[in-house]
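Some notes on the structure that comes next.
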There are 2 protein chains.
Amino acid sequence: MATKKISQAEENYLKAIFKINEQEGKAAGNKAISQAMETSAASVTDMLRRLAKKELINYESHKGVTLTEKGDRIATNLIRKHRLWEVFLVDKLQFAWDEVHPIAEELEHIKSDKLVTRLDEFLGHPKFDPHGDPIPDADGNFAFRQQVLLSEVEIGKKGTLVGVQEHSKPFLQYLDSLELGLGTEVEILERYSYDGSMRLRINASKEVVLSQKVNQNLYIKLTE
Amino acid sequence: MATKKISQAEENYLKAIFKINEQEGKAAGNKAISQAMETSAASVTDMLRRLAKKELINYESHKGVTLTEKGDRIATNLIRKHRLWEVFLVDKLQFAWDEVHPIAEELEHIKSDKLVTRLDEFLGHPKFDPHGDPIPDADGNFAFRQQVLLSEVEIGKKGTLVGVQEHSKPFLQYLDSLELGLGTEVEILERYSYDGSMRLRINASKEVVLSQKVNQNLYIKLTE
DNA sequence: TACAATTTTTAGACAAATCTAAAAAAAATA
DNA sequence: TATTTTTTTTAGATTTGTCTAAAAATTGTA
Ligand SMILES: [Mn+2]
Ligand SMILES: [Mn+2]
Ligand SMILES: [Mn+2]
Ligand SMILES: [Mn+2]
């Protein structure tokens with residue numbers, strides 16, 4: 001019954017399964033996992049068997065996997081650690097939001113509950129990470145925030161940029177070049193139905209035009 | 001020529017070899033390494049072959065090992081990271097000096113030069129860690145400090161506690177219970193030749209008696 | 001429903017890091 | 001120097017995490 005040791009590789013799989021379950025709203029297939037982990041399908045089958053033996057996932061051949069309660073707790077805690085470290089890197093060490101992910105990918109595996117507690121405290125119990133993603137609390141509860149994709153917002157409305165759907169370096173750097181970041185105020189001026197692009201005023205001054213690809217990846221919190 | 005990837009296990013061996021070389025002032029034997037790493041002698045032989053193939057150590061069967069320049073650079077950088085993280089844990093997250101070692105043992109393996117640079121800056125370029133051990137700079141140079149073992153100090157002399165030889169949790173906790181920490185002022189009042197114990201005044205007030213075992217593990221910087 | 005495409009599993013291998021038991025080499029000692 | 005003790009290496013296994021190629025199962029489509 002003693003909780004067996006969980007390797008870094010196993011932890012990464014659990015996190016990947018958690019995210020696929022969340023995004024697709026259903027059991028994660030071998031294919032999706034192998035893509036997320038950038039490994040072969042055969043490796044995934046091997047690992048799923050190991051995780052099932054440790055009772056971290058619910059697994060039946062050819063049926064896709066979900067996390068057990070134990071697996072869910074571990075995955076949620078990893079996400080908590082990952083996002084707290086990202087906040088540390090940006091807020092305390094002045095990293096840019098496009099450079100923190102790979103470092104947090106390593107830091108999330110440091111095993112010390114006290115470290116997480118103290119870090120959370122040190123950072124002032126942040127509720128969202130540098131990309132606007134919610135940081136689960138110690139019990140695994142994610143903060144909820146009312147938000148809409150920019151692509152869904154009507155003309156004339158105003159709001160604040162609170163999150164990004166995409167996390168890639170090129171995307172984040174493109175936003176930087178437009179001076180768009182979390183907290184930026186936006187007002188929708190126009191929408192071009194031809195290609196789904198939109199014209200906005202940002203921070204009550206400059207105007208920018210965003211392609212559909214971009215405005216489908218930005219989360220806005222509407223003003224009132 | 002491209003620097004091959006170095007595993008966490010390999011890094012830990014390099015650090016152990018560095019420390020044995022330093023402490024014993026000569027090539028590290030298989031036995032000493034296996035004790036430091038808490039592994040079998042056979043595992044050490046295996047690993048030494050791997051490290052030699054990667055040109056990180058100078059190794060000839062039955063002759064003991066030393067680090068190559070490459071190996072030395074890696075070991076020194078690990079020590080730098082380990083000690084910087086210990087400072088972070090104590091100074092920023094309020095950990096006690098007896099709890100940080102195992103966590104730093106994991107944190108030292110995070111691979112990002114920028115992270116080390118930024119952390120060092122954030123901490124104000126500390127020269128010594130929470131145990132008084134010198135933190136090598138980015139070029140691998142260790143700060144030097146004039147210090148003596150308490151057991152060598154003559155009666156009547158005064159000084160400041162600047163370092164500990166032993167790092168074990170029980171030892172550090174015992175010092176805490178005596179209210180002895182880095183920076184504590186000590187004055188040598190008496191030395192009992194029978195068992196090598198010493199009577200001291202600390203911080204110009206309380207008196208304590210320390211056994212030889214203790215006073216052979218404390219480094220003092222003499223006043224003047 | 002039958003065939004084709006896709007997904008998943010199996011079989012067989014490999015590198016890394018470890019182990020135990022036994023053999024070989026070096027060091028200590030009588 | 002000869003013998004004993006200690007250290008180091010070898011031999012042979014094991015676990016973890018990965019791979020490729022091929023087989024089996026499932027899903028999609030004509
Ligand atoms: Mn990770
Ligand atoms: Mn993030
Ligand atoms: Mn370590
Ligand atoms: Mn230390």
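To find a chain, count down the sequence lines: A is the first, B the second, and so on, and within it residues start at 1.
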Note: Lys15(A)-Glu108(A) ion pair, threshold 4.0 Å (strictly below):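 Counted as a salt bridge, because a side-chain N and a carboxylate O are separated by less than 4.0 Å.
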Do the charged groups of Glu99(A) and Lys114(B) touch, with an N to O distance under 4.0 Å?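 Yes, Glu99(A) and Lys114(B) are salt-bridged.
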Short question: side chain of [X], backbone of [Y] - any donor-acceptor pair under 3.5 Å?
X         : Y         : value
Arg80(B)  : Pro136(B) : yes
Arg145(A) : Pro134(A) : no
His62(A)  : Glu60(A)  : no

Arg49(A) NZ/CZ over Tyr59(A) ring centroid, <6.0 Å and within 45° of normal: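 Cation-pi check for Arg49(A) and Tyr59(A): fails.
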Identify whether NZ of Lys or CZ of Arg in Lys92(A) sits under 6.0 Å from the centre of the six-membered ring of Phe88(B) and within 45° of that ring's axis.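 Not satisfied by the 6.0 Å and 45° rule.
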Using a cut-off of strictly less than 4.0 Å, decide whether Ser40(A) has a side-chain nitrogen or oxygen near OP1 or OP2 of dC19(D).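 Checking Ser40(A) against dC19(D): at least one side-chain N or O falls below 4.0 Å of OP1 or OP2.
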Is Ser7(A) close enough to dT16(D) that one of its side-chain N or O atoms is under 4.0 Å from OP1 or OP2 there?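 The answer is no; no side-chain N or O of Ser7(A) sits under 4.0 Å from OP1 or OP2.
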What residues from residues 8-36 of chain B pass a heavy-atom cutoff of under 4.0 Å to DNA chain D?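 Nucleic-acid contacts, sorted: Gly29(B), Asn30(B), Lys31(B).
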Specify the residues of residues 41-66 of chain B, ordered by number, for which at least one heavy atom lies under 4.0 angstrom from an atom of DNA chain D.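 Close to the strand are Ala41(B), Ala42(B), Thr45(B), Arg49(B), Tyr59(B), Ser61(B), His62(B).
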His101(A) and His82(A) aromatic centres sub-6.0 Å: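 When the ring centroids of His101(A) and His82(A) are compared, they turn out to be within the sub-6.0 Å range.
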